[in-house]
Amino acid sequence: MGTKDAAGKVRFGLALALGVVVPGMAKYALTEMGYGSVGTVVFYTGYLTAAVLIWYIWVRPLELTGSSGA
């Protein structure tokens, strides 16, 4: 595994972790301040945004094909 591959895996892991942790902490803070509904909207929006960005950057470019012989 080269340095480029390792750096890509680290970036992917950080993006995945931040996509869950940051919206989760924001939801917690907003819920503690009495804005539970706003916190829920912030969490789902942040989580969905992270999922779409991860799909767009890492998953979409993959060449997913089956075997040519049946």
Side-chain angles (χ1 to χ4, degrees):
M1 177 168 66
T3 307
K4 185 177 179 183
D5 293 337
K9 289 180 180 183
V10 168
R11 282 195 313 265
F12 177 77
L14 285 174
L16 193 60
L18 289 176
V20 175
V21 171
V22 172
M25 295 300 289
K27 181 193 182 323
Y28 174 77
L30 288 167
T31 301
E32 288 296 312
M33 290 188 294
Y35 299 107
S37 298
V38 175
T40 300
V41 169
V42 166
F43 175 75
Y44 286 127
T45 302
Y47 191 85
L48 181 62
T49 301
V52 168
L53 285 175
I54 287 170
W55 170 81
Y56 187 78
I57 294 170
W58 282 285
V59 178
R60 186 183 60 89
L62 295 176
E63 184 71 33
L64 302 174
T65 58
S67 62
S68 59

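Computation of the quantities below employed the complete heavy-atom set of this structure, encompassing side-chain atoms and omitting hydrogens, waters and symmetry-equivalent molecules.
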**Complete:** Residues passing the side chain to side chain contact (heavy atoms under 4.5 Å, CB included) test with Leu16, sequence neighbours excluded, are Phe12, Ile54
**Request:** Sequence neighbours left out, what passes side chain to side chain contact (heavy atoms under 4.5 Å, CB included) with Thr49? Give chain and number order.
**Result:** Thr45, Leu53
**Prompt:** Gly19 and Ala50: which non-hydrogen atoms are nearest, and at how many Å?
**Reply:** CA-CB, 3.4 Å
**Asked** Please, which pairs that meet ring pair (Phe, Tyr, Trp, His ring centres under 6.0 Å) have at least one residue in residues 17-52, sequence neighbours excluded?
**Response** Phe43-Tyr47
**Item:** Co-members of the apolar cluster containing Met25 [side chain, <4.5 Å]
**Value:** Val21
**Prompt:** Which other residues belong to the hydrophobic cluster containing Leu48, where Ile, Leu, Val, Met, Phe, Trp and Tyr are joined when side-chain heavy atoms lie under 4.5 Å apart, directly or via other members?
**Reply:** Val52
**Request:** Check Val42 against Ala26 and note the closest heavy-atom contact, atom names and distance.
**Result:** CG1-CB, 3.8 Å
**Fill in**
Apart from Leu14 itself, its cluster of hydrophobic side chains linked below 4.5 Å comprises Val10
**Item:** Residue pair Trp58 / Gly8: nearest heavy atoms and the distance that separates them
**Value:** NE1-O, 4.3 Å
